[in-house]
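Report on one structure; see the data block that follows.
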Amino acid sequence: MQVFNTKNELVSLIDKLKGEHKTIGFVPTMGALHEGHLSLVEEAKKECDVVVVSIFVNPTQFNDPEDLKRYPRTLENDLELLRTLDCDVAFAPSVEEIYPEPDTRKFNFGYLETVMEGARRPGHFNGVGQVVSRLFDIVRPDKAFFGMKDFQQIAIIKEMVRQLHYPIEIVPCPIVREESGLARSSRNTLLDEEHRKNAAHIYETLRKVHYLIPEKSVEDVKQWITDEINENPFLEVEYVEIVNFDTLKVVKDWSEPGKRVACVAVYAGKIRLIDNIVF
Ligand code: PAF
């Protein structure tokens with residue numbers, strides 16, 4: 001596996017690969033890699049000739065400085081994991097390399113950034129747009145792979161691709177879960193044993209949702225999820241939302257057509273976890 005820290009080195013390699021008509025699969029990450037990321041790499045390997053993984057903790061998408069400070073950083077271990085998967089290229093730039101000057105661009109993702117994560121984490125998706133567009137400009141992938149745990153992020157990135165006319169296919173990949181059902185996340189390593197065990201209750205609850213439909217109204221189902229999770233003394237719900245799978249519009253009535261997604265953000269102690277289920 002080739003490891004690069006600078007844009008120029010990676011740009012030269014990508015130029016060469018493009019000259020050889022190789023397809024490029026890209027998996028952007030913030031490191032602290034887990035099975036979820038590895039499944040994205042596996043999928044990228046199936047679909048593309050060359051796989052590039054970036055490892056970059058992007059400061060512009062953190063609305064809470066404490067969250068940025070404690071975000072796990074495990075570069076050596078990450079590179080080792082990628083080597084075992086036979087990944088082709090890892091890109092681990094410094095902050096100065098990605099942002100030689102502050103990025104002042106303001107994206108307008110319209111409705112998509114007004115709900116759920118967008119409403120609770122001001123500036124978060126703008127920062128995601130900034131970094132992902134910079135990485136896309138460097139890597140110039142044919143396909144980019146994202147995990148569905150960050151369901152709203154995928155919608156935002158698809159919208160950015162549309163607005164900036166990137167010829168890139170966004171490939172959503174299924175959530176990978178721990179044995180307990182807890183969605184894999186780099187933040188899980190920050191949970192102590194007790195919180196990690198109890199955080200499994202989030203998915204246990206989401207799995208029961210479809211049994212409640214259509215007897216309970218949308219509002220009652222959201223309340224039920226909130227109460228059920230909050231009953232666990234280690235967990236505290238920040239929000240529960242049920243949205244249309246394609247538009248992210250808030251579902252008001254079960255008679256509305258289309259697939260739906262129940263999305264939650266939950267604090268397990270100080271650690272904020274998100275999860276969702278499609279039904
Ligand atoms: O999903 C993530 O890990 C990040 O938001 C991403 C897409 C790597 C951008 O920093």
Side-chain angles (χ1 to χ4, degrees), residues 7 10 24-41 43-44 51-65 67-75 77-79 81-82 87 89-99 102-103 105 107 109 112-113 116-118 120-139 141 143-161 164 166 168-176 183-190 263 265 271-276:
K7 283 181 284 206
L10 181 54
I24 296 167
F26 179 40
V27 181
T29 81
M30 297 207 297
L33 301 184
H34 51 71
E35 297 281 331
H37 297 114
L38 303 186
S39 74
L40 303 180
V41 176
E43 191 53 38
V51 177
V52 179
V53 175
S54 64
I55 298 172
F56 178 67
V57 181
N58 171 38
T60 73
Q61 72 187 74
F62 283 82
N63 54 313
D64 171 2
D67 191 22
L68 172 60
K69 220 189 287 170
R70 76 174 159 235
Y71 201 85
R73 289 159 171 90
T74 57
L75 183 61
N77 191 51
D78 293 344
L79 295 175
L81 281 172
L82 293 175
C87 172
V89 180
F91 179 47
S94 64
V95 173
E96 295 70 34
E97 189 66 18
I98 294 295
Y99 298 111
D103 192 333
R105 285 176 301 163
F107 289 91
F109 296 120
L112 293 178
E113 63 188 342
M116 303 191 290
E117 295 300 288
R120 270 91 183 175
R121 301 184 66 189
H124 168 64
F125 286 130
N126 201 61
V128 170
Q130 290 174 341
V131 75
V132 174
S133 63
R134 280 169 184 247
L135 293 168
F136 279 179
D137 290 339
I138 299 166
V139 179
K143 296 187 183 195
F145 298 78
F146 294 88
M148 283 187 53
K149 182 173 73 65
D150 296 293
F151 183 75
Q152 190 174 6
Q153 172 170 274
I154 296 182
I156 292 278
I157 289 169
K158 282 187 175 165
E159 176 58 17
M160 185 195 74
V161 162
L164 300 182
Y166 282 114
I168 301 172
E169 184 187 336
I170 301 304
V171 185
C173 299
I175 297 177
V176 177
R184 298 234 178 227
S185 162
S186 303
R187 288 193 166 85
N188 292 358
T189 59
L190 302 174
C263 302
I271 307 306
R272 187 176 184 277
L273 303 170
I274 58 172
D275 200 353
N276 65 70

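Atoms within each ligand, like the ligands themselves, are counted from 1 in listed order.
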Under a 4.5 Å cut-off applied to non-hydrogen side-chain atoms, are V95 and F56 in contact?
yes
Could you work out, with side chain to side chain donor-acceptor pair (under 3.5 Å) as the rule, every residue matching K143, not counting sequence neighbours?
E47
Using the side-chain contact (heavy atoms from CB on, under 4.5 Å) criterion, which residues pair with L75? Sequence neighbours excluded.
I55, L79, A92
Between S39 and R184, is there a side-chain donor-acceptor contact under 3.5 Å, judged purely by atom types and distance?
no
With a 4.5 Å limit on heavy-atom distance, are the side chains of C263 and I274 in contact?
no
Qualifying residues under side-chain contact (heavy atoms from CB on, under 4.5 Å), relative to A155, sequence neighbours excluded
L112, L248
N/O to N/O under 3.5 Å, ligand 1 against protein:
{"residue": "ligand 1", "atom": "1 (O)", "partner": "Q153", "partner atom": "NE2", "Å": "2.8"}
{"residue": "ligand 1", "atom": "5 (O)", "partner": "Q61", "partner atom": "NE2", "Å": "2.9"}
{"residue": "ligand 1", "atom": "5 (O)", "partner": "Q153", "partner atom": "OE1", "Å": "2.7"}
{"residue": "ligand 1", "atom": "10 (O)", "partner": "Q61", "partner atom": "OE1", "Å": "2.6"}

